[in-house]
Structure formats: C-alpha cells, structure tokens
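Report on one structure; see the data block that follows.
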Amino acid sequence: MKRSQLFLPTLKENPSEASIISHRLMLRSGMIRQSSSGIYSWLPLGYKVLKNIENIIRSEQNLISQELLMPTIQDSEIWKKSGRFNDYGKEMLKFKDRHEHELLYGPTNEELITDIFSKNVVSYKSLPMCLYHIQWKFRDEIRPRFGVMRGREFLMKDAYSFDENKEDAIKCYNRMFLSYLRIFKKMDLKAIPVAADTGPIGGDLSHEFIILADTGESDIYLDKNILGENIPNIKYDEPLAISDLVDKLTSYYTAADDKHNEDIYIKSVKENDRLKTRGIEVGHLFYFGNKYSKPLEANITNTDGQNIPVEMGSYGIGVSRLVGAIIDAHNDDKGIYWPESVAPYMFGIVNLRQDDNACRELSDSIYNNLRKSNIEVLYDDRNEGAGIKLAEMDLIGIPWQIRIGPRGVKNGYFELMNRETGKTVEVDVNEANNIAKNKF
RNA sequence: CGGAAUGUAGCGCAGCCUGGUAGCGCACUGGUCUGGGGGACCAGGGGUCGUCGGUUCGAAUCCGGCCGUUCCGACCA
C-alpha cells in the first residue's frame, strides 16, 4: 500500500477524550474513531491489526475446535428458558421488532449454541465437540472507558464445548488452557492464568488470563516465578501432559483482588517472590456442566443408552480488547511497536526524498519486490519532509523501517531499522531483494 | 447510579468572571524556497460557539432545561 493512497488520519496531539496510553495511540495512529461512548469504528490500519489477531486465534483454535458464525441478534425465548433474560440485568440490550417480538443484541452465546446443539446432536458418538465463533457482542456497561479496553460493543472469540461427562469436559478445558497460552504467546504477550469468579456465566471452574499492565483494571497478586514458566512442546492429543502443565501453572499463587487472600499469600509465597501489579483480562475459561444444557434440554444418549444433559464449558477471548492490551505492552515515547505477528505492515518504506530520481527508483523497486513476495508493506511515497514521515512511521509502529535517502543511495546502501530496538543496519542496494528473508 | 469536570474550525486550546457578533497553534488549499527527525515565508479557505428556551437594544459570555463526552467510585470480556 502506498501511503498517498491510504486512509490514515493520524493526530499530532493527544485527543482530550483519551486518558490512557493505548487509547491515545489508537486514536493518534488513525486506527479507530469513536462513534459514541464505548462504540468505535475501525479504520483501515486498526482493522488490519484486528484481523491479524483474529487469525492468530483461528490458527490455534482450529486445532481443537470448529469455527462457525452465530448472529449478533438473538431471540429472547432461549434466554427466558435459561433464566438469564432477567438475571443478566441492564447490561443486556433488549428491543422489539415490528411484530412486537422481543429480541436482544447478544452479550454472549451460551443459550444460542446450546439451542443449536440440542436440535442437531443426539448421541455421545458425536462427542467431544467444540465450536467457536468470532462475533461482535454488546454489553451496555455502566461506564465504558479506556477506548477498546472497555467498550460496549466489542469483538469476542467465544468457544463452547460439549462432552459426555465431566472428565472429558475437563480435558477440553485443559486443551483450551494450553491453546490460550499459545495464542497470547504468539502475540508477544505474557498472559498469566488466575483463578476467577464465574459471574453471570456460572459454573464451578474458571480461570482468567491476565496481561500484566499498569493500566489494567484490577489489582493482581502473584508469585513472580510463574513468569519464568515456558510452554512445553506438547500436542493437543496428550491429555496427561496438558493436565500436568495446567496443574503446574495453577499451583502458583495468582489472584485478582476479588479472590485475593492476604494470609494465604503471605504464607505460601516468599516475600521476594511476591508481586502486586495491575492486569488486563484478555481471556476467560468456564466449566459449567449442565447449567445451560439442563434448562434448554440439550440431552444426549450416552453409552449406557440413557438420556443425559450434555457437559459444557465456554471460553472467551476479548479480541478487540487485545489490540489495546498489545499496545499497552508495546509502546514507547514515539508510539507503538507492533509484534510482527499482528503488525498491520511488516515493512515501512520511508523515501526521504520523493523528488529524487535515484531514491524513488530504489524505493519503487523494493516496494514492488516485497509486494510480489506477498509481504505487507507500507510505502510512504508522499512528497513530505523526512521528519514527518519518520515520526509517523514510528507512531504507527511498523516493525521494520526501510529508510532510503540520497546520502545512502549515492554510496550504494539504504538503511533498515528495527522499530522496537532502534537498531539500524546499512544494507547494500544489491541485497535489496533479500531483506525480507534476512532482516538481521 | 453517587461524586467531579467539560462541550468554541478536522485536532489541541484561549475568549466567558466584567455581554457589543470570535481568536491562537497545528492541520488544510495555492505558491516560492527547503530537504536525514513533525522546516521557512507569502497568500487563502473553513466555526448557526452542543442544543432548546429565558433575560437584554444586543448573548460564545448571564439564567434554566435537555443532550453529548470524559474522569473517580460501585460493577464487568
């Protein structure tokens, strides 16, 4: 993409509506614009990042689950059956269609997926089954804030598992646990599992995945040693190895303020290992048995020929929130530095002198070569001053900056800079076609 | 929902106290110069001052209602 063609409205100054860093940077880098409180439009740059995050999630979830797509608008009937039509409270947006039929904008999908399951699956032979979708949700928060971190409309990945018995359901829960660890790792985030309350979803087993960040919404107490744990190279069809991993990670003391117990904390964690910080919840696992399958009559016939309600769990990831969380973990005084896995463009070409023939020819040639190799590249081809272009490229956080100016071109080289480290190397113009392979 | 701010050009703000019909910086348009970190100069364009009503000869300014947005708290992916 050429910068001259891209709809990228960047801002030099911090908008007054934004107080935290990720929100400011998303507005300044032209990723989002607010529509109303807690509701945002995603502009091209932000939308590219959002889609990249979705695809990372898909790449892991598809190994253990099948993607489908449920609607944003749901019928109130199934919610009345589960009892949540009233229980969910004012956060749920309800309205009526022209026939006075009661509808709602889905805040989550347990009822709907259970309904689909109950009408189409009858036997244990179809299990285990796990289904997910990535869809917009609406929760009418009391106080939306911090941009996409607590929006009212937000994009969520929600998966739902169906098993014959609790043992299998826990295996699925553990697979999700591993899948989440890998998903967040791929985004260059350190997510730690924390035992959680089940809230309105319900159930008796639940973990949140928390990104440590000063701008987080809740206080987190933990044993520092969990941060040193690596994700072992195990497969999703090794339930024992996965179970060992889950046991190991959940054996560390980690708690959000609502579950924190100071006495246990002091007793079980050495003083030097204690860390109190703030965190952002980016994922949540629930096992809730037959909480929904019972009222919605999602029964299966088991091996003994009996009809029993299916065992369920649900597993969410805040996709749009992750954009903010990643920025929170990847910014400096100049702007964002994206992890390569989610970056909107891998390379940014800064032609420092667009009116110089030699510079333009080299820039054009590198641009065309990268495009031919299907590598995402943003080419700043505008006739602007160097400072403007460099500052903007820093702000929007493209991981690799290719800087082409007369000084270098005259001597047969251009510069390649890593946005995160600032490390810069001079690259011979004859090596221009190989930069994608050996960045350095 | 309790507490507190705020609404003036695309963005950031001043003007309001003490009423006299709107200004600054950035951005934008045309031009000249400049050219490796948001450059300089010249010439321009853009605002029913959130909205409705009241007071007044006259309201961005004073008074009232409504709406929007934000921050702190309780609540949550």
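Order of the sequence lines sets the chain letters (A, B, ...), proteins ahead of strands, with each chain counted from 1.
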Check your understanding: Going 5' to 3' along nucleotides 1-8 of chain B, which nucleotides have protein heavy atoms under 4.0 Å from the base (write B), which only from the sugar-phosphate (write S), and which from neither (write -)?
Key -> B-------
Check your understanding: With rounding to whole Å, what would you report as the distance between B:rC11 and B:rC28 at their P atoms?
Key -> 15 Å
Exercise for review: Output the residues of residues 172-180 of chain A in contact with RNA chain B, where contact means a heavy atom of the residue under 4.0 Å from an atom of the strand; sort by number or write none.
Suggested key: none
Practice item. Determine yes or no for a side-chain-to-main-chain donor-acceptor pair under 3.5 angstrom, with A:Lys137 supplying the side chain and A:Gln135 the backbone. Key: yes
Check your understanding: Taking the six-membered ring of A:Phe85, is the NZ or CZ of A:Lys94 close enough (under 6.0 Å from the centre) and on axis enough (within 45°)?
Key -> yes
Point to revise | Residue-level proximity of residues 417-431 of chain A to RNA chain B when a heavy atom falls under 4.0 Å | key: none
Review point. Which residues within residues 21-54 of chain A lie with some heavy atom under 4.0 Å of an atom in RNA chain B?
Key: A:Arg28, A:Gln34, A:Ser36, A:Ser37
Study note, to complete from the structure: In numerical order, the residues of residues 333-364 of chain A whose heavy atoms come under 4.0 Å of RNA chain B are A:Leu352, A:Arg353, A:Asp355
Point to revise | Residues in side chain to side chain donor-acceptor pair (under 3.5 Å) contact with A:Lys294, at least two apart in sequence or another chain | key: none
Using residues 402-415 of chain A as the side-chain source, report each donor-acceptor pair under 3.5 Å to any protein atom, sequence neighbours left out, with the distance given to one decimal.
from: A:Arg403; atom 1: NE; to: A:Gln401; atom 2: OE1; distance (Å): 3.0
from: A:Arg403; atom 1: NH2; to: A:Gln401; atom 2: OE1; distance (Å): 2.9
from: A:Asn411; atom 1: ND2; to: A:Arg407; atom 2: O; distance (Å): 3.0

Exercise for review: List in chain and number order the residues that pass side chain to side chain donor-acceptor pair (under 3.5 Å) with A:Lys48, two or more places apart in sequence or in another chain; answer none if no residue qualifies.
Suggested key: A:Glu376
Check your understanding: By side chain to side chain donor-acceptor pair (under 3.5 Å), which residues pair with A:Asp257, not counting sequence neighbours?
Key -> none
Exercise for review: State which residues pass side chain to side chain donor-acceptor pair (under 3.5 Å) with A:Glu262; sequence neighbours excluded, sorted by chain then number.
Suggested key: A:His260
Filtered N/O pairs between nucleotides 23-25 of chain B and protein, under 3.5 Å:
from: B:rG25; atom 1: N2; to: A:Glu13; atom 2: OE1; distance (Å): 3.0

Point to revise | Salt-bridge contact A:Arg419-A:Asp332 (side-chain N to carboxylate O under 4.0 Å) | key: yes
Review point. For RNA chain B, which residues in residues 384-405 of chain A have a heavy atom at a distance below 4.0 Å?
Key: A:Glu384, A:Ala386, A:Gly387, A:Ile388, A:Leu390, A:Ala391, A:Asp394, A:Arg403, A:Gly405
